[in-house]
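For the numbers below, each heavy atom of this structure counts, side chains included, while hydrogens, waters and symmetry mates do not. Because the structure is predicted, anything quoted here is derived from the model rather than measured.
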Amino acid sequence: MTVALAPAGTKALPIHVLGTEDVALWAGQQSDRVRTWVEASGFKGGIGATLIIPDDAGHPEAALIGYGTPASRKRDRFALAAALPKLAAGAYRIESGIETDLLEQETLGWLLASYSFTRYRDNTVNHATLVAPDGVDAERVSILAEAEFLTRDLINTPASDMGPAELESAACDLAEKHNARISVITGDDLLKDNFPMIHTVGRASDRAPRLIDMSWGNRGPKITLVGKGVCFDTGGLNIKPGSSMGLMKKDMGGAANVLGLAHMIMASGLEVRLRVLIPAVENAISGNSFRPQDILTSRKGLTVEINNTDAEGRLVLADALTLASEGEPNLIVSMATLTGAARVAVGPDIAPYYTDDDVAATSLDLSARRMADPVWRMPFHEPYETMIEPGIADLDNAPKGGFAGSITAALFLRRFVSEQDRYIHFDIYGWQPNPAPGRPKGGALQGARALFAALPDMMDL
């Protein structure tokens with residue numbers, strides 16, 4: 001869908017944004033007519049509350065939007081966006097009430113709240129549009145919203161229409177848009193080119209597995225993004241129960257997120273050499289499914305004992321990470337809907353990440369607050385390394401015991417990059433379970449905005 005702020009100079013209705021503590025003071029500074037209207041309306045300034053103020057002829061003169069209390073705003077990431085569904089179509093501009101350092105965040109929230117997934121049903125809403133406030137880079141905010149809309153659309157699309165081939169097509173469309181280079185290794189060619197674990201996970205499906213490889217830019221530091229592209233996960237022979245399989249269309253959320261991040265980087269013209277690697281598979285069940293107790297040999301040469309076929313994401317990522325490391329980039333980032341343990345630890349709203357790089361972690365934490373994209377650093381806790389070493393093979397894909405599942409998965413992935421690599425791994429959820437201002441229920445971009453904002457500081461751009 002189209003992302004649009006109202007053009008500068010558009011005739012727009014002024015908005016006054018008022019917290020609950022500001023309503024009486026603001027009303028007291030207005031004419032008797034306006035003050036009486038506000039008092040009679042019962043407007044208290046709660047988050048999401050709106051009030052249109054008419055002029056003497058009854059035409060709209062201004063709009064009031066409630067901003068709640070400081071405490072309530074901490075609970076609503078995009079507090080201004082809560083009012084959007086209640087505003088009539090038309091153009092609006094913020095006249096007062098938003099602190100300068102929050103203007104970009106609230107403008108982005110306004111745009112994100114206008115999203116609709118319309119592929120199967122035309123449920124487009126003629127939302128109110130916003131004129132970019134002074135000091136807000138309208139192009140930058142629009143790019144951020146476009147990236148999130150791309151990610152949401154990909155995740156929201158069911159697996160019937162978003163298999164490995166369709167994910168490849170989406171990557172090709174993005175590459176064409178930004179004049180990027182792209183190549184794809186498909187089916188048995190994965191074996192010829194030494195991507196055995198990607199092939200093994202995807203071979204049971206009649207939708208051929210593949211490795212998507214996109215490159216862009218020819219100057220600056222080398223950044224490689226690796227996204228888990230499991231387009232549907234039955235769990236394999238360790239089949240998931242129905243309650244766990246219901247959301248598995250989102251198991252390619254890591255791929256969707258790195259494509260959204262790639263759009264931010266390319267559309268903004270960052271001076272980097274970008275590479276995006278997506279192992280795209282469907283973890284299906286058939287006579288040639290891989291089995292528990294199988295031992296696989298990875299691209300890196302490490303052997304992996306399969307103790308649960310439902311821990312397949314780390315297998316396809318391992319081969320892709322090995323390829324990423326071979327390219328000797330300045331930074332490798334993996335993003336994956338990898339473990340339920342991460343959701344138990346931090347819930348669906350926070351993107352946990354792992355890195356040994358304190359500078360990168362500091363940059364990420366600061367940019368996450370600025371970009372309203374919460375993240376949380378988790379430890380590569382080395383005493384747990386023994387948990388992923390089964391003895392019969394180099395690595396265990398699903399350690400027994402149930403403890404520290406997200407950490408052990410991250411440690412597993414780290415084995416496939418070199419010790420010299422600067423590496424960040426995100427274990428995301430990729431889904432908004434309940435609607436919130438600026439965040440409708442459905443596919444979600446997580447951690448990507450924070451990383452995008454941190455890149456200039458992390459990479460000395």
- Query: Is there a side-chain contact between Phe232 and Asp251 (heavy atoms, below 4.5 Å)?
  - Reply: no
- Message: Taking Arg449's backbone N and O only, do any of them form a donor-acceptor pair with Asp373's side chain (distance below 3.5 Å, no angle check)?
- Response: yes
- Item | Pair Asp233, Asn283: side-chain N/O donor-acceptor within cut-off below 3.5 Å | yes
- Message: Please check this pair: side chain of Ser325 against backbone of Leu321, looking for a donor-acceptor N/O pair closer than 3.5 Å.
- Response: no
- Message: Is it the case that the side chain of Asp319 and the backbone of Arg299 share a donor-acceptor pair, with hydrogens and angles ignored and the cut-off at 3.5 Å?
- Response: yes
- Roughly how far apart are Leu277 CG and Ile332 CD1, rounded to 0.5 Å? 9.0 Å
- Decide yes or no on side chain to side chain contact (heavy atoms under 4.5 Å, CB included) for Met248 and Thr234, but give the supporting numbers first. CA-CA 8 Å; Met248 282 302 99; Thr234 65; over 6 Å; no
- Full working for side chain to side chain contact (heavy atoms under 4.5 Å, CB included) between Leu451 and Leu261: CA-CA 8 Å; Leu451 185 58; Leu261 176 55; 3.5 Å; yes
- Message: Between the side chains of Glu328 and Lys222, is the shortest nitrogen-to-carboxylate-oxygen separation below 4.0 Å, so that they form an ion pair?
- Response: no
- Would you call Phe149 and Leu154 a side-chain contact if the rule is heavy atoms closer than 4.5 Å? no
- Determine whether Thr157 and Lys249 make a side-chain contact, defined as any pair of heavy atoms from C-beta on separated by less than 4.5 Å. no
- Query: Among Asp356, Asp358, Asp357, which residue meets the salt bridge (charged side-chain N to carboxylate O under 4.0 Å, His left out) test with Arg377?
  - Reply: Asp358
- Message: Rounded at 0.5 Å granularity, tell me how far CZ in Arg73 sits from CD in Glu106.
- Response: 9.0 Å
- Query: If every non-hydrogen atom of Gly430 is compared with every non-hydrogen atom of Ile155, which pair is closest and at what distance?
  - Reply: O-CD1, 3.5 Å
- Asp153/Arg119 salt bridge by N-O under 4.0 Å criterion: no
- Message: Between Asn156 and Tyr115, do the side chains contain a donor N or O and an acceptor N or O under 3.5 Å apart?
- Response: yes
- Task: Would you check, one step at a time, whether the test side-chain hydrogen bond (donor to acceptor under 3.5 Å, both in side chains) holds for Asp189 with Thr186?
- Result: CA-CA 6 Å; Asp189 285 342; Thr186 306; over 6 Å; no
- Considering only NZ, NE, NH1 and NH2 on the basic side and carboxylate oxygens on the acidic side, decide whether Arg181 and Asp213 come within less than 4.0 Å. no
- Given the rule in the salt bridge (charged side-chain N to carboxylate O under 4.0 Å, His left out) test, do Arg203 and Glu282 qualify, once you have shown the distances and angles that lead to the verdict? CA-CA 8 Å; Arg203 72 191 183 197; Glu282 182 175 28; over 6 Å; no
- Item | Asn288 atom CG, neighbour heavy-atom count above 12 within 6.0 Å | yes
- Calculate, to the nearest 0.5 Å, the distance between atoms OG1 and CG belonging to Thr129 and Leu5 respectively. 8.0 Å
- Message: Can you tell me how far apart CE (Met197) and CG (Leu296) are? Round to the nearest 0.5 Å.
- Response: 6.5 Å
- Is there side-chain contact between Asn330 and Arg422, with at least one heavy-atom pair below 4.5 Å? no
- Note on the structure: Of all heavy-atom pairs linking Phe78 and Gly438, the shortest is CD1-CA, 4.2 Å
- Message: Against Ile278, only a single residue in Val226, Leu259, Leu317 fulfils side-chain contact (heavy atoms from CB on, under 4.5 Å); can you say which?
- Response: Leu259
- Do side-chain atoms of Asn397 reach the backbone of Val304 as a donor and acceptor pair under 3.5 angstrom? no
- Task: Flag the pair Arg370 and Glu104 as a salt bridge only when some basic side-chain nitrogen lies within less than 4.0 angstrom of an acidic carboxylate oxygen.
- Result: no
- Message: What's the separation between atom CZ in Arg152 and atom CD in Glu148, rounded to the nearest 0.5 Å?
- Response: 4.0 Å
- Under 30°, 30 to 60°, or over 60°: which ring-plane class applies to Tyr354 and His425, parallel, tilted or perpendicular? parallel
- Check for a donor-acceptor pair, side chain of Arg273 on one end and backbone N or O of Gly217 on the other, with a separation under 3.5 Å. no
- Message: Under a 3.5 Å distance rule, please check whether Asn257 uses its side chain to pair with a backbone N or O of Gly253 as donor and acceptor.
- Response: yes
- Message: I'd like to check Leu84 versus His127 (side-chain heavy atoms, cut-off strictly below 4.5 Å). Are they in contact?
- Response: yes
- Task: Determine whether the side chains of Tyr120 and Asp161 contain a donor N or O and an acceptor N or O closer than 3.5 Å.
- Result: yes
- When every non-hydrogen atom of Pro164 is compared with those of Cys231, the smallest separation belongs to N-SG, 3.5 Å
- Task: Would you mind reporting whether Val272 and Trp216 have side-chain heavy atoms less than 4.5 Å apart?
- Result: yes
- Task: May I have the step-by-step check of side chain to side chain contact (heavy atoms under 4.5 Å, CB included) for Asp394 and Glu389, ending in yes or no?
- Result: CA-CA 6 Å; Asp394 293 315; Glu389 296 170 345; over 6 Å; no
- Counting only N and O atoms by type, is there a donor-acceptor contact under 3.5 Å from the side chain of Gln105 to the main-chain atoms of Arg77? yes
- Charged N-O contact under 4.0 Å between Arg207 and Glu166: yes
- Task: Ignoring hydrogens and angles, tell me if any N or O in the side chain of Arg314 forms a donor-acceptor pair with the backbone of Phe412 under 3.5 Å.
- Result: no
- Query: If only atom types and distance count, is the side chain of Ser289 paired as donor or acceptor with the main-chain N or O of Leu237 below 3.5 Å?
  - Reply: no
- Item | Phe380 atom CZ: more than 12 heavy-atom contacts under 6.0 Å | yes
- Least distance between heavy atoms, Leu413 atom then Ser334 atom: CD1-OG, 4.4 Å
- Between the side chains of Gln446 and Tyr353, does any donor sit under 3.5 Å from an acceptor? no
- Message: If I compare all heavy atoms of Thr10 with all of Ala91, which pair ends up nearest, and what's the gap?
- Response: CG2-CB, 3.8 Å
- Message: Closer than 4.0 angstrom, basic N to acidic O: yes or no for Glu382 and Arg414?
- Response: yes
- Please examine the side chains of Asp427 and Met378, heavy atoms only from C-beta on, and report whether any two atoms are closer than 4.5 Å. no
- Pairwise distance CZ(Phe290) to CG(Asn238) - rounded to 0.5 angstrom: 8.5 Å
- Query: Salt-bridged, Glu326 to Lys300, with N to O below 4.0 Å?
  - Reply: no
- Query: Taking all atoms of both residues into account, what is the closest heavy-atom pair of Arg415 and Leu302, and its distance?
  - Reply: O-CD1, 3.8 Å
- Item | Side chain proximity check, Cys172 to Glu168, heavy atoms < 4.5 angstrom | yes
- Message: Could you check whether any side-chain N or O of Thr355 sits under 3.5 Å from a backbone N or O of Tyr423, counting only pairs where one atom can act as donor and the other as acceptor?
- Response: yes
- Working for side chain to side chain contact (heavy atoms under 4.5 Å, CB included), residues Met459 and Ile223: CA-CA 9 Å; Met459 309 303 293; Ile223 298 172; 4.2 Å; yes
